[in-house]
Amino acid sequence: MNFIEQATTLLNGGPTIQRQFFLEPQTEFLNDMIQHLGDADPQVRDELNYRLLIDLVQYHILSDEQKQQLIDEIVSQNLLLGTVGSKHETTVFQRALSTEWLRLLLTEDQMKSELGKKILEDALLLMERERDLRAYTEEGFAYSVGNAALLIYVLLQERQEYTTYAAPVLMAIQSNFWKEHVFTDDEEERFLSLIELLLANGIEEDLLVEWIEQIFDRLEMISQYEGFSAHFLKGRTEVLQFMRAFYFTLKFKNNYKKLQSTISIFIQKWYKI
């Protein structure tokens, strides 16, 4: 049987068939799963390969060695960053699904290891450098930036290196304000979850205040140098949309008054412009 036939048999056969199959190392089949991770065909990529992975993780089918093989292949082939920078190409599915596969496969110990550190730093670079910001596409669900943010959240929560990674996290979030794109599919909620995680774990409120001031300073600079360019208009829309969500998140929880006040002042100022 070829890969598609074998994967279909396993998916339809359920945990019993899957467990029996993976009693053997199945090195070649696992390598084929990686090769089809970002397949251009959504039926193969999402409905077959990704669904099979979810089964294998959910029912604890894979051995530690088999999961390690999948992780090692994703990392060694640089699937998170190897094609970053491309736009409107099917390579976005490779990046988006790589983050999801890693999130599902990594154990707590791996997240805390040097491997986890490398993956965290790669995910931060992906969120910062990603230029294909589509969520829903004709070829399936991409969501590379949103998936990267979720992987960062999981790794950061497990490693608890909040002070070390506060600045890179904020830089990665801010980078998405200047990509001439306005998010519409809950990406901002993923960004806000990262900020809430930092605040809940000892990151000073003043650091976030300074970060917000820097964002609006940059917006002001773009306005002065570029006028009503697409860069400015979409950046302004995205920043204000994000800041509104941030403000109401803080207000509903009734905390971080200084942050609330700072955001409110800037929102009022920029809605008058």
Are [Y] and [X] connected into the same hydrophobic cluster when the rule is that any two of I, L, V, M, F, W, Y join if their side-chain heavy atoms are below 4.5 Å apart?
| X | Y | result |
| --- | --- | --- |
| Tyr143 | Val145 | no |
| Phe252 | Phe191 | yes |
| Val182 | Val92 | no |
| Leu219 | Phe183 | yes |
| Trp270 | Ile265 | no |

Any side-chain heavy-atom pair from [X] and [Y] closer than 4.5 angstrom?
| X | Y | value |
| --- | --- | --- |
| Lys117 | Thr164 | no |
| Gln69 | Asn31 | yes |
| Leu79 | Leu97 | no |
| Arg134 | Glu139 | yes |
| Met243 | Phe266 | no |
| Leu106 | Leu155 | yes |
| Lys257 | Ser261 | no |
| Thr249 | Ile195 | no |

>> Does Thr262 form a side-chain contact (heavy atoms from CB on, under 4.5 Å) with Phe216? I'd like the steps, not just the answer.
In response: CA-CA 11 Å; Thr262 302; Phe216 282 102; over 6 Å; no
>> Would you call the rings of Trp211 and Phe242 parallel, tilted or perpendicular, taking 30° and 60° as the class edges?
In response: perpendicular
> Counting only heavy atoms not in Gln58, do more than 12 sit closer than 6.0 Å to its CD atom?
Replying inline: yes
>> Check this for me: Gln77, atom CD, are more than 12 non-hydrogen atoms of other residues, nucleotides or ligands nearer than 6.0 Å?
In response: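 Yes, CD of Gln77 has more than 12 neighbouring heavy atoms, counting only those of other groups under 6.0 Å.
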Nearest 0.5 angstrom please: [X] [atom1] to [Y] [atom2], how far?
| X | Y | atom1 | atom2 | answer |
| --- | --- | --- | --- | --- |
| Ile4 | Thr9 | CD1 | OG1 | 12.0 Å |
| Leu105 | Ile71 | CG | CD1 | 5.0 Å |
| Leu10 | Asp55 | CG | CG | 9.5 Å |
| Arg103 | Ile119 | CZ | CD1 | 13.5 Å |
| Leu30 | Asp72 | CG | CG | 11.5 Å |
| Asp32 | Phe3 | CG | CZ | 6.0 Å |

Can [X] and [Y] be counted as having a side-chain donor-acceptor contact under 3.5 angstrom?
| X | Y | answer |
| --- | --- | --- |
| Arg95 | Thr91 | yes |
| Tyr50 | Glu100 | yes |
| Ser264 | Gln268 | yes |

Test item: [X] side-chain N/O and [Y] main-chain N/O as donor-acceptor pair under 3.5 Å:
| X | Y | value |
| --- | --- | --- |
| Arg159 | Gln157 | no |
| Gln26 | Phe21 | yes |
| Gln66 | Phe22 | yes |
| Glu189 | Asp186 | no |
| Glu205 | Lys258 | yes |
| Ser98 | Gln94 | yes |
| Glu5 | Asn2 | yes |
| Asp132 | His88 | yes |

Contact summary for [X] and [Y], nearest pair of heavy atoms:
| X | Y | result |
| --- | --- | --- |
| Ser144 | Ala96 | CA-CB, 3.8 Å |
| Thr137 | Ala142 | CG2-CB, 4.3 Å |
| Ile61 | Pro15 | CD1-O, 3.8 Å |
| Glu73 | Ile34 | CB-CG1, 3.9 Å |
| Leu126 | Ala148 | CD2-CB, 4.0 Å |
| Val75 | Leu115 | CG2-CD1, 4.1 Å |

>> Go through it in stages, so that I can follow the logic: the residues are Leu198 and Leu207, the test is side-chain contact (heavy atoms from CB on, under 4.5 Å), and I'd like the CA-CA distance, side-chain angles, deciding distance and then a yes or no.
In response: CA-CA 11 Å; Leu198 294 176; Leu207 176 64; over 6 Å; no
May I have the list of side-chain donor-acceptor pairs in residues 165-180 shorter than 3.5 Å, sequence neighbours left out?
from   : atom 1 : to     : atom 2 : distance (Å)
Tyr165 : OH     : Glu121 : OE2    : 2.9
Ser175 : OG     : Glu128 : O      : 3.4
Ser175 : OG     : Ala172 : O      : 2.6
Asn176 : OD1    : Lys179 : NZ     : 2.9
Asn176 : ND2    : Met127 : O      : 3.2
Asn176 : ND2    : Ala172 : O      : 2.8
Trp178 : NE1    : Gln174 : O      : 3.2
Lys179 : NZ     : Met127 : O      : 3.1
Lys179 : NZ     : Glu128 : O      : 3.1
Lys179 : NZ     : Glu130 : O      : 2.8

> Thinking salt bridges, do Glu187 and Arg190 make one under a 4.0 Å N-O criterion?
Replying inline: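 A salt bridge is absent here (no side-chain N lies under 4.0 Å from a carboxylate O).
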> So Asn201 and Leu156, side-chain contact (heavy atoms from CB on, under 4.5 Å) or not? Walk me through it.
Replying inline: CA-CA 11 Å; Asn201 287 279; Leu156 198 59; over 6 Å; no
> Should Thr90 and Arg45 be marked as a side-chain contact (heavy atoms from CB on, under 4.5 Å) after you check the CA-CA gap, both sets of side-chain angles, and the distance that decides it?
Replying inline: CA-CA 11 Å; Thr90 57; Arg45 182 187 66 243; 6.0 Å; no
